[in-house]
2 protein chains.
Amino acid sequence: MAATLVEIARLARVSVATVSRALNGQPGVGPKMRKRIQALAAQVDYTPHANARALVTGRIPFLGLVVPDITNPFFPSLARGAEEEAFARGYSLLLLNTNWSPTRLRQAFDLLTSRRVAGLMMSVSLEGLGDDHRDWSDLARTVVMAGVPAPVGSGIGAVDVDDLEGGRLVGRHLLERGWRRIGFVAGSAADRSARDRLAGLQEALAEAGRPGALGATSAGEWSEASGYDQARRLLARRSRPDAIFAANDLLALGVARAAAEAGMALGTDLGLVGYDDIDSVRWTAVPITSVSQPEFDVGREAARRLVALAEGAVAEPDARLEPCLVVRASSGANPHARPATADGALAFQTSTETVR
Amino acid sequence: MAATLVEIARLARVSVATVSRALNGQPGVGPKMRKRIQALAAQVDYTPHANARALVTGRIPFLGLVVPDITNPFFPSLARGAEEEAFARGYSLLLLNTNWSPTRLRQAFDLLTSRRVAGLMMSVSLEGLGDDHRDWSDLARTVVMAGVPAPVGSGIGAVDVDDLEGGRLVGRHLLERGWRRIGFVAGSAADRSARDRLAGLQEALAEAGRPGALGATSAGEWSEASGYDQARRLLARRSRPDAIFAANDLLALGVARAAAEAGMALGTDLGLVGYDDIDSVRWTAVPITSVSQPEFDVGREAARRLVALAEGAVAEPDARLEPCLVVRASSGANPHARPATADGALAFQTSTETVR
DNA sequence: TCGCGCACCGCAAACGTTTGCGTTACGCAA
DNA sequence: TTGCGTAACGCAAACGTTTGCGGTGCGCGA
């Protein structure tokens with residue numbers, strides 16, 4: 001069923017070398033013979049044996065993509081961006097879930113190297129691998145981090161999103177809308193992205209000469225339930241924040257639920273902005289302002305760099321993509337704020353809008 | 001860097017055959033020698049060359065997964081189920097997006113066959129391939145449909161979800177809650193899943209002796225905007241439905257928006273149930289009842305069948321997995337319905353609950 | 001007409017495995 | 001001690017390509 005070069009060669013009464021050259025568009029074969037061979041190949045439904053080719057060329061056109069959990073809304077579009085770019089360059093994508101398990105991460109790693117993939121994109125922190133692992137340096141040529149930072153000093157390239165800038169966008173926006181006391185809720189406080197987002201917020205407040213506008217900060221897990229709990233505690237304080245920055249949208253959904261329970265209207269009684277711009281935040285009773293990350297572009301760019309690396313190009317400096325703010329009603333405007341304009345009108349648009 | 005069997009053989013002063021047998025746990029090599037070779041292999045960090053192995057054994061442990069768009073919330077968990085099962089059985093997953101394009105579908109198909117994958121799972125209808133394609137019959141051994149039906153008469157196995165039953169669940173539930181006139185909105189009316197869900201609804205109504213409870217049916221696209229438009233038209237009719245069954249959750253979200261605009265409260269003024277149980281329907285102002293599909297299990301089961309097929313097992317009859325209903329507030333209860341119980345109490349629970 | 005050069009094509013090695021078969025050597029019974 | 005059976009190991013072919021190198025034929029200029 002599966003025709004090989006040998007059969008075609010036999011049919012055409014030429015050598016396999018000639019058939020190979022003819023079908024791969026390489027020089028050294030006459031036009032009429034090439035035509036004949038191509039016709040023959042089409043006739044017997046020849047499909048090249050990628051593995052055999054890979055064996056002699058040493059490189060197989062596969063790219064590995066390791067994600068913690070494809071179910072997490074962040075990763076599918078990253079995967080799609082990567083797949084699109086890879087496909088366009090003749091590579092295929094090998095998908096591996098680690099389910100956040102270091103063991104699975106290690107297994108995925110070994111699997112991919114045993115498959116001799118051309119390169120692999122890691123969307124999960126490499127810290128879990130431990131230092132006893134083989135030297136990073138020989139990986140640097142064929143690995144690029146996608147959406148997460150590389151281990152320090154590893155020399156591995158990375159393309160991720162600027163969490164600092166995301167925090168800044170939120171800070172500026174909330175101040176602009178007249179909020180005065182901004183609370184911050186996060187998942188794990190140890191998480192680098194959480195720290196960066198908070199740092200960005202602080203920077204923006206400092207820039208505006210309002211460092212004191214940062215209210216209480218809180219941490220828990222990256223879940224809706226945790227957001228609910230944290231918000232309840234924050235809102236029960238004597239000096240409650242009038243706005244909350246949730247470090248991801250699941251948390252923001254929890255905050256929204258807590259606010260609703262407390263009888264507070266989002267956008268007027270409480271300002272709220274989340275992070276990630278997942279689909280759900282568009283459909284809440286009052287839609288939630290959120291920071292949107294270019295995951296698709298992260299995947300695309302990571303794949304581009306990876307094939308470049310695999311094909312011998314020199315490593316490029318890390319890419320840091322910019323997030324953007326999607327403004328919705330939840331960040332509304334503080335009714336108690338002093339009018340920002342001379343005539344006292346607060347002309348804030350409430351429809352969905354993208355800043356930057 | 002990458003050690004081969006040859007090097008180990010040279011180091012151990014034995015033949016490659018012995019090394020191969022020792023490392024693969026095959027008989028024909030003494031225990032002491034085996035130990036020695038294993039130690040040596042570990043020492044030089046040997047990783048088997050999967051491609052070379054695949055070349056001689058003829059089978060490469062890859063499974064292809066073709067989806068229309070991994071960004072669509074339905075597919076990531078299907079992919080995860082498939083990946084989990086495949087991984088457990090020593091196979092890796094090759095991910096391909098077709099972006100709903102028949103051209104890309106064809107390309108994906110050719111790509112996978114050229115890679116000589118052990119088998120492939122199709123989550124996209126094969127109709128787009130056209131009949132001029134190579135015979136289905138030789139594919140039947142290495143292809144299984146996942147979440148979509150197989151072409152009729154193709155002999156290709158399938159594992160999908162019972163849309164008829166889903167429709168029935170919805171019909172019974174809505175009647176139970178006292179709704180009397182049930183409208184139906186869908187995406188493409190030509191879509192088999194849409195037809196089956198409607199048919200199931202009709203069956204349930206007929207079973208209950210209330211075939212007349214089916215109100216207007218409508219079709220458009222599988223989008224929120226379309227749901228909004230369709231709902232507006234339905235609700236503007238003189239004989240407006242008092243409940244709506246949306247054939248997917250995006251449509252349901254649109255219906256919810258239209259209802260809110262019309263000043264109708266979900267669960268009391270209008271019953272609503274969607275399909276797919278995407279995350280967003282949990283966070284709307286009034287959470288939406290929806291039919292949940294076991295996508296994860298579909299992927300898992302499809303992968304299981306595929307490796308069984310690839311390893312020579314006989315084809316099993318098609319599997320049809322059962323959906324279940326996740327009850328939320330939007331299906332509430334019709335306040336104008338005659339009490340169903342003797343004492344006039346309508347003891348419906350309004351919290352999230354799963355039927356079946 | 002002769003000779004040179006180049007386009008065209010074939011030969012064969014190589015990539016890293018697996019595996020059937022042949023050979024060696026060892027242990028044990030006679 | 002001799003014979004035989006079997007466990008242990010080596011040889012070499014094979015999988016389907018690619019590719020450097022060598023060989024043949026042709027066309028062209030002199």
Side-chain angles (χ1 to χ4, degrees), chain A residues 1-38 40-41 44-62 90 110-118 311, chain B residues 1-38 40-41 44-62 90 110-118 311:
Chain A
M1 196 96 302
T4 73
L5 285 189
V6 184
E7 306 185 35
I8 300 184
R10 196 166 41 78
L11 258 48
R13 306 192 178 285
V14 295
S15 74
V16 281
T18 303
V19 178
S20 171
R21 280 189 269 257
L23 260 30
N24 289 336
Q26 293 190 357
V29 45
K32 62 197 181 321
M33 162 108 328
R34 190 183 298 266
K35 279 282 180 195
R36 193 158 69 91
I37 291 180
Q38 285 172 342
L40 224 42
V44 299
D45 197 32
Y46 168 77
T47 52
H49 196 304
N51 297 323
R53 186 191 310 227
L55 183 57
V56 38
T57 61
R59 306 183 309 101
I60 191 166
F62 284 164
D110 292 343
L111 184 71
L112 265 341
T113 63
S114 123
R115 297 289 195 259
R116 298 294 198 278
V117 295
E311 293 178 354
Chain B
M1 195 93 304
T4 74
L5 286 189
V6 184
E7 306 184 35
I8 299 184
R10 196 165 40 78
L11 258 46
R13 305 195 177 285
V14 295
S15 74
V16 282
T18 303
V19 179
S20 172
R21 280 189 269 257
L23 261 29
N24 289 338
Q26 293 189 358
V29 46
K32 65 202 177 316
M33 162 111 329
R34 191 183 298 266
K35 278 282 178 196
R36 195 159 66 91
I37 291 179
Q38 284 171 342
L40 224 43
V44 299
D45 196 33
Y46 169 77
T47 52
H49 196 305
N51 296 324
R53 186 193 310 232
L55 183 57
V56 39
T57 61
R59 306 183 310 101
I60 192 167
F62 283 160
D110 292 342
L111 184 71
L112 266 342
T113 64
S114 123
R115 297 291 195 256
R116 298 294 198 279
V117 295
E311 292 178 355

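What you see below is based on every heavy atom in this structure, not just the backbone, and it leaves out hydrogens, waters and symmetry mates. Chain letters run A, B, ... following the sequence lines, proteins first, then strands; residues in each count from 1.
- For the pair A/N24 CG and D/dT19 C1', the interatomic distance rounds to 11 Å; values are reported in whole Å.
- With the nearest nucleotide of DNA chain D identified for both B/R34 and B/T57, B/R34 has the one nearer the 5' end.
- Atoms CZ (B/R53) and P (D/dG16) sit 18 Å apart, rounded to a whole Å.
- Here A/L40 contributes atom CG and A/K35 contributes atom NZ; the two are 14.0 Å apart, rounded to the nearest 0.5 Å.
- With rounding to whole Å, B/Q26 atom CD is found 15 Å from D/dG10 atom P.
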Give me the distances for all protein-to-nucleotides 10-13 of chain C N/O pairs that come in under 3.5 Å?
from	atom 1	to	atom 2	distance (Å)
C/dG10	OP1	A/S15	N	3.4
C/dG10	OP2	A/S15	N	2.9
C/dG10	OP2	A/S15	OG	3.0
C/dG10	OP2	A/T18	OG1	2.3
C/dG10	N7	A/R21	NH2	3.3
C/dG10	O6	A/R21	NH2	2.6

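- Atom P of nucleotide D/dC15 and atom CG of A/L5 are separated by 13 Å, given to the nearest angstrom.
- Between A/L55 atom CG and D/dT19 atom C1' the separation is 14 Å, expressed in whole Å.
- Taking all atoms of both residues into account, the shortest heavy-atom contact from A/I60 to A/V117 is CG2-CA, 4.0 Å.
- Counting only distance, with no hydrogens or angles, the side chain of A/R34 and the backbone of A/A22 share a donor-acceptor pair below 3.5 Å.
- Within 4.0 Å (heavy atoms only), B/S20 reaches at least one base atom of the nucleic acid.
- In terms of position on DNA chain D, the residue among B/P27 and B/R116 whose nearest nucleotide sits closer to the 5' end is B/P27.
- For the pair A/Y46 OH and D/dG16 C1', the computed distance is 8 Å after rounding to whole Å.
- Following rounding to the nearest Å, A/E7 (CD) and D/dT17 (P) show an atom-to-atom distance of 9 Å.
- When side chains are defined from C-beta on, B/I8 does not count as touching B/V14, because their heavy atoms never get closer than 4.5 Å.
- Note that CD1 of B/I37 and CG of B/L11 are 11.0 Å apart. Values are rounded to the nearest 0.5 Å.
- No side-chain heavy atom of A/F62 sits under 4.5 Å from any side-chain heavy atom of A/L112.
- The shortest distance between side-chain heavy atoms of B/L23 and B/Q38 falls below 4.5 Å.
- A/R36 places a side-chain N or O within donor-acceptor distance of the main-chain N or O of A/A12, the cut-off being under 3.5 Å.
- The residue B/G30 sits close only to the backbone: its heavy atoms come under 4.0 Å of sugar-phosphate atoms, none of a base.
- Residue contacts for A/N51: at a heavy-atom cut-off of 4.0 Å it reaches no nucleic acid atom on any strand shown.
- Relative to the axis of its first five pairs, the axis of the last five pairs of the helix from C/dT1-D/dA30 to C/dA30-D/dT1 sits at 50°, rounded to 10 degrees.
- Annotation for B/P48 and B/R53: closest pair CB-NH2, 3.0 Å, computed over non-hydrogen atoms.
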